[in-house]
Participant: 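Please see the structure below; I have some questions.
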Number of protein chains: 2
Amino acid sequence: MSTSTAVPATTGPTTQRGDAVALYQLPGHLIRRCHQIAVALFFEECAAFDITPQQYAVLRVLAANDGVDQITLAGLAAFNRTTAGEIVERLEGAGLVARRNSKLDRRTKNIFITETGRRLLADANAAVKRVQERLLIPLDRDERARFIEYLARIASENNELSRAPLRPIARGRGGNRTSGPA
Amino acid sequence: MSTSTAVPATTGPTTQRGDAVALYQLPGHLIRRCHQIAVALFFEECAAFDITPQQYAVLRVLAANDGVDQITLAGLAAFNRTTAGEIVERLEGAGLVARRNSKLDRRTKNIFITETGRRLLADANAAVKRVQERLLIPLDRDERARFIEYLARIASENNELSRAPLRPIARGRGGNRTSGPA
DNA sequence: AACTGATGATCAGCATACTGAGTAACTGGC
DNA sequence: GCCAGTTACTCAGTATGCTGATCATCAGTT
């Protein structure tokens, strides 16, 4: 089967005839496939921790911003508000985060990472680092830096186009106004 | 209490203190955000067509490989087999594809793009082209070419790591062995 | 023909990722 | 102190994206 397997990486299995750009050259399609690979690598490297990439992101955000409400958490992790709520619910079920009603604003629920969550995060960080390294193996040192820079620029400058944009916390005037950890 | 979790405003959400690499610098996280942006742009540009990026990909694959079975289709679009079946089912409901039992192999169902599907594809191509252009606005001409090349290389060289790898059709010895279009 | 292993499709189940609507609670203006 | 607009969360509904199991069928062997 040496005939069909030698497909140039840039064209894919079926180069296009009539259309201008082949499906396999569209950045949208390529980003989707790279995302699939990144997720697959995450599950492979983090199998022992039984968490998803999104759950890991929530723990990372909470480790740096403990006690934020769900909407703020969604903004910090660039999640949809509903999705964030569901992920937090599963993390709560696993004992990795705790949810408490705020006393300052009874609409909000403040999310705190638990000791178990912090330990898992500390243990998983090395595995997650391996995910990134394996993902970028096809690129050399300079290309990796450029690739990450391009991704960051696209994500940053197009942030408001996203349906779940990144929303950093506006700090400097009274903190993050939570009811605080117990 | 403005706890010790308060991050200086100068660092914001993009830099880290203790850990080696910040969440916002991890390629896996950045790819996820770029994917969200690409999907959002797709829905914005293609609102009039009422299709999803994945459904568009299926139509593109069928336009070049009409009559393949679902597993082959999944491989050509880099979808999971179950996901591919669901997407095809919705496309069938919308009248954009047709599903017929193969006479050569009664296990398989061959998928064909309909005339409606071909027309929608032709109409949507310009909108999809705009999606790609808008996505890459933050990059200059040379950077765009490099970015796409990096994505293609990562997707290609890590293909087997994906849980839904790209599976080109092995051509040259008897075609794709379907029952053929009506 | 029967047996065995592989394959295509489907199903149950779980986890993201969204939209739009609804409810409860806060906030600013009066 | 009331009212209007806003906000936090939740729910229903839809669409991807997977795993593992099941069933029917096919292919190669005996």
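In what follows, chains carry the letters A, B, and so on, assigned in the order in which the sequence lines appear, proteins first and then strands, with residues in each chain numbered from 1.
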Participant: Hey, does the side chain of B:Asp66 reach the backbone of B:Ile113 with a donor-acceptor pair shorter than 3.5 angstrom?
Facilitator: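 Yes; judged by distance alone, with no hydrogens or angles, the pair exists.
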Participant: Rounding to a whole Å, what distance do you find between B:Ile87:CD1 and D:dC18:C1'?
Facilitator: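 Going from CD1 in B:Ile87 over to C1' in D:dC18 covers 12 Å.
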Participant: Should B:Val128 and A:Val21 count as side-chain neighbours, where that means a heavy-atom distance under 4.5 Å?
Facilitator: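 Heavy-atom side-chain distance check fails, nothing below 4.5 Å.
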Participant: Grab the CG-C1' distance between A:Leu91 and C:dA15 for me, whole Å please.
Facilitator: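 Checked: the CG to C1' distance equals 12 Å.
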Participant: Could you work out, with side-chain contact (heavy atoms from CB on, under 4.5 Å) as the rule, every residue matching B:Ala57, not counting sequence neighbours?
Facilitator: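 Partners of B:Ala57 under the side-chain contact (heavy atoms from CB on, under 4.5 Å) test: A:Leu23, B:Phe79.
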Participant: Expressed as a whole number of angstroms, how long is the span from A:Phe43:CZ to D:dT19:C1'?
Facilitator: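 Roughly 11 Å, once rounded to whole Å.
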Participant: Within this structure, what is the CD-to-C1' distance between A:Glu86 and D:dA15, rounded to whole angstrom?
Facilitator: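 In whole Å, D:dA15 C1' and A:Glu86 CD are 13 Å from each other.
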Participant: Using heavy atoms to find the nearest nucleotide of DNA chain D for B:Gln55 and B:Asn80 separately, return the residue whose nucleotide is more 5′.
Facilitator: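 Its nearest nucleotide being more 5', the pick is B:Gln55.
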Participant: Reckon B:Arg90 has a side-chain N or O less than 4.0 Å from the OP1 or OP2 of D:dA15?
Facilitator: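 B:Arg90 to D:dA15 OP1/OP2: side-chain N or O found under 4.0 Å.
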Participant: D:dG17 phosphate, OP1 or OP2: any side-chain N/O from B:Gln54 under 4.0 angstrom?
Facilitator: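 Yes.
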Participant: So which of residues 157-165 of chain B are in contact with DNA chain D, with a heavy-atom cut-off of under 4.0 Å?
Facilitator: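 Correct list: B:Arg163, B:Ala164.
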Participant: Taking the side chain as every heavy atom from C-beta outward, state whether A:Arg99 and A:Gln70 have any atom pair closer than 4.5 Å.
Facilitator: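 A side-chain contact under 4.5 Å exists here.
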Participant: Under 4.0 Å between any heavy atoms, over every strand shown, what does A:Thr52 touch: base, sugar-phosphate, or nothing? Just pick one.
Facilitator: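 The residue A:Thr52 makes sugar-phosphate contact but no base contact.
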Participant: Looking at every non-hydrogen atom in both residues, tell me the closest pair between B:Leu76 and B:Ile169 and how far apart they are.
Facilitator: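 Looking at all heavy atoms of both residues, the closest pair is CD1-CD1, 3.8 Å.
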Participant: Under 3.5 Å, which donor-acceptor pairs do the side chains of residues 27-34 of chain A form with other protein atoms, sequence neighbours left out?
Facilitator:
| residue | atom | partner | partner atom | Å |
| --- | --- | --- | --- | --- |
| A:Arg32 | NH2 | B:Ala78 | O | 2.9 |
| A:Arg33 | NH2 | B:Ala155 | O | 3.4 |
| A:Arg33 | NH2 | B:Asn159 | OD1 | 3.2 |

Participant: Tell me, for nucleotides 2-10 of chain C in 5' to 3' order, what letter each nucleotide earns: B for a base near a protein heavy atom under 4.0 Å, S for only sugar-phosphate near one, - for neither?
Facilitator: ----BBSSB
Participant: Can you list every salt bridge (Lys or Arg N to Asp or Glu O under 4.0 Å) pair that touches residues 105-117 of chain B, not counting sequence neighbours?
Facilitator: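 Passing the test, one end in residues 105-117 of chain B: B:Asp105-B:Arg107.
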Participant: Got A:Arg144 and B:Tyr150 here, is their nearest side-chain heavy-atom distance under 4.5 Å?
Facilitator: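 SC-SC contact between A:Arg144 and B:Tyr150 ruled out.
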Participant: Pick base, sugar-phosphate or nothing for B:Phe79, based on heavy-atom distances below 4.0 Å to the nucleic acid.
Facilitator: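 B:Phe79: backbone/sugar contact only, no base atoms under 4.0 Å.
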Participant: Determine the contact category for B:Gln36: base if any of its heavy atoms lies under 4.0 Å from a base atom, sugar-phosphate if only primed atoms, P, OP1 or OP2 are that close, otherwise nothing.
Facilitator: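 Answer is sugar-phosphate: B:Gln36 comes under 4.0 Å of backbone atoms only.
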Participant: Take the C1' atoms of the five end pairs on each side of the helix from C:dA1-D:dT30 to C:dC30-D:dG1, get both axes, and report the angle to 10 degrees.
Facilitator: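 Angle reported: 0°, given to the nearest ten degrees.
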